[in-house]
Amino acid sequence: MAITMGANDYDIAVVGAGVAGLNAAITAARHGARTIVIDMLGAGGQVINVDRIDNFPGPAEGMSGFELGPMLQMQADEAGVEFALDTIDTISKTQGGFRIAGADLDLTASAVIVAAGSAKRTLGIPGEAEFEGRGVSHCASCDGPLMRGKEACIIGGGDSALDEALALAPHASRVTIIHRGPRLKASAALQARAREASNIEIRLETVVEAIRGENGVTALAVRDLSTGQTSEIPCHGVFIYVGLEPNTAFLGETVALAADGRIVVDLDMQTSVPGIFAAGDVRARSVAHLAASAGDGVTAAISAIRYLAAEDIDEPLKHHALAR
Ligand code: NAP
């Protein structure tokens, strides 16, 4: 596919250096596109804090996120991808492409792939903001060693909550998973591993009403939804994993968003704006698994290459109704 070189700084700008963004960039660069990846934190995205990934195609024994992130970055470097650190504020249409502007950067590209990922949702309960960094954490693999011999609590019942409970279990004296529903949402494999761990306890139908302490966290005030009874759970570290919010605020009305704030795409990862593509868990209906995000990145890159080569990719959002 011959890419029409424009007057822009880059052929393809990728916003976000997680698994989706890095795979998009690697693919784009290997197809000859002048490619830049911009991320506010550096390469790896959320995966960088994951202790063990065992559902990504590859080694049967799994690997950690701090191994996978740098491996992808090395592949991207070798493919000739450029990297920049910045928080992107706006993407706007120009005559020959797009202007991507951040706190420091201001560049143009003929096509854009948004792979900005998600941020962890907060609960908004008393004590959550007050004890942030003093017992309230969103990274068990980072803070696990600080929990040696102490009681840890995890809030949430999804894959993230169980992944992180398993990362904490070797350090903490006890890990209590507190979930509001009658059953966990996490995969059967993670649930089985959690139930095998002797120091992981699971409290279902329980909501956390407040995080208590003085200099640091000492307890959680909880309510049992089946009996209505309130009580306290002793706890020195609270790890909150109650879902993800897509990082799409910076897009404003640039592209169509679904009701949950994620970017509407068609099967080519094309958004409502020709030339802007999206990949990974920032896009609507993503299953938010690493392998799927990697695949999204490749699809978005190939679609962007075809767009640059002026090939006839599907009309944008022809599948709009299906993509919602
Ligand atoms: P999630 O799947 O959306 O689960 C969020 C959990 O938090 C749910 O159990 C939910 O309860 C609970 N929750 C939400 N709001 C709450 C509130 N206000 N108070 C109390 N609990 C609340 O989020 P996630 O676990 O971060 O996973 C996000 C995506 O990434 C998923 O698609 C997941 O499969 C994927 N992921 C995959 C892996 C892996 O492959 N190993 C690892 C991590 C994440 P309800 O169930 O009652 O709604």
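Every number for a ligand or one of its atoms is a count from 1 in the order of the listing.
- Numbered from 1 in the order shown, with element, the atoms of ligand 1 that lie under 4.0 Å from a heavy atom of A288 read 29 (C), 30 (O), 32 (O), 35 (C), 36 (N), 37 (C).
- Using a 4.0 Å cut-off between heavy atoms, L244 contacts ligand 1 through its side chain alone, with no backbone atom that close.
- Heavy atoms of D54 found under 4.0 angstrom from ligand 1: none, in either backbone or side chain.
- Note that K120 lies outside the cation-pi zone of Y241, set by a 6.0 Å cut-off to the ring centre and a 45° limit from the axis.
- Ranking protein heavy atoms by distance to atom 32 (O) of ligand 1, first place goes to V287 O, 3.2 Å.
- In terms of polar-atom proximity, defined here as any N/O pair under 3.5 Å, G156 makes no such contact with ligand 1.
- When only non-hydrogen protein atoms are considered, atom 14 (C) of ligand 1 lies nearest to V242 O, 3.1 Å.
- The number of heavy atoms from other shown groups lying within 6.0 Å of CZ (R183) does not exceed 12.
- Taking atom 26 (O) of ligand 1 as the reference point, the nearest protein heavy-atom neighbour is S160 OG, 2.7 Å.
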field: Audit row: F98, K93, side-chain contact (heavy atoms from CB on, under 4.5 Å) steps and yes/no
entry: CA-CA 5 Å; F98 300 92; K93 188 102 187 71; 3.7 Å; yes
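- The side chain to side chain contact (heavy atoms under 4.5 Å, CB included) test with N23 is passed by exactly one of T299, V14, L72: L72.
- When heavy-atom distances to ligand 1 are checked against a 4.0 Å cut-off, N55 comes that close only through its side chain, counted from C-beta outward.
- Within the 4.0 Å heavy-atom criterion, the part of H179 lying near ligand 1 is the side chain and not the backbone.
- Looking at G157 next to ligand 1, an N or O pair under 3.5 Å apart turns up.
- Of all protein heavy atoms, the one closest to atom 41 (N) of ligand 1 is D163 OD2, 3.4 Å.
- Checked for salt-bridge contact, R283 and D296 meet the test: a charged N lies under 4.0 Å from a carboxylate O.
- When only non-hydrogen protein atoms are considered, atom 23 (O) of ligand 1 lies nearest to G243 CA, 3.4 Å.
- Distance from atom 19 (N) of ligand 1 to its nearest protein heavy atom, with residue and atom name: L123 CD2, 3.3 Å.
- For the pair T122 (side chain) and G124 (backbone), a donor-acceptor distance under 3.5 Å is absent.
- Heavy-atom contacts from other residues, nucleotides or ligands closer than 6.0 Å to CE of M74 number 12 or fewer.
- Among all protein heavy atoms, the one lying closest to atom 1 (P) of ligand 1 is K185 NZ, 3.5 Å.
- Contact check on R180 versus E205 returns no salt bridge, with no Lys/Arg side-chain nitrogen under 4.0 Å from an Asp/Glu carboxylate oxygen.
- Contact annotation: for D159 versus ligand 1, heavy atoms closer than 4.0 Å belong to both the backbone and the side chain.
- Every atom of ligand 1 with a heavy atom of G158 under 4.0 Å away is listed here by number and element: 4 (O), 6 (C), 9 (O), 25 (O).
- Between D54 and R193, at least one side-chain nitrogen of the basic residue sits less than 4.0 Å from a carboxylate oxygen of the acidic one, meeting the salt-bridge criterion.
- L290 and I48 are members of different hydrophobic clusters when ILVMFWY side chains are connected at heavy-atom separations under 4.5 Å.
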task: Evaluate side-chain contact (heavy atoms from CB on, under 4.5 Å) for F83 paired with Q73, printing each intermediate quantity in order.
output: CA-CA 9 Å; F83 281 87; Q73 180 168 14; 4.0 Å; yes
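- When the heavy atoms of H289, E164, R180 are ranked by distance to atom 20 (C) of ligand 1, first place goes to R180.
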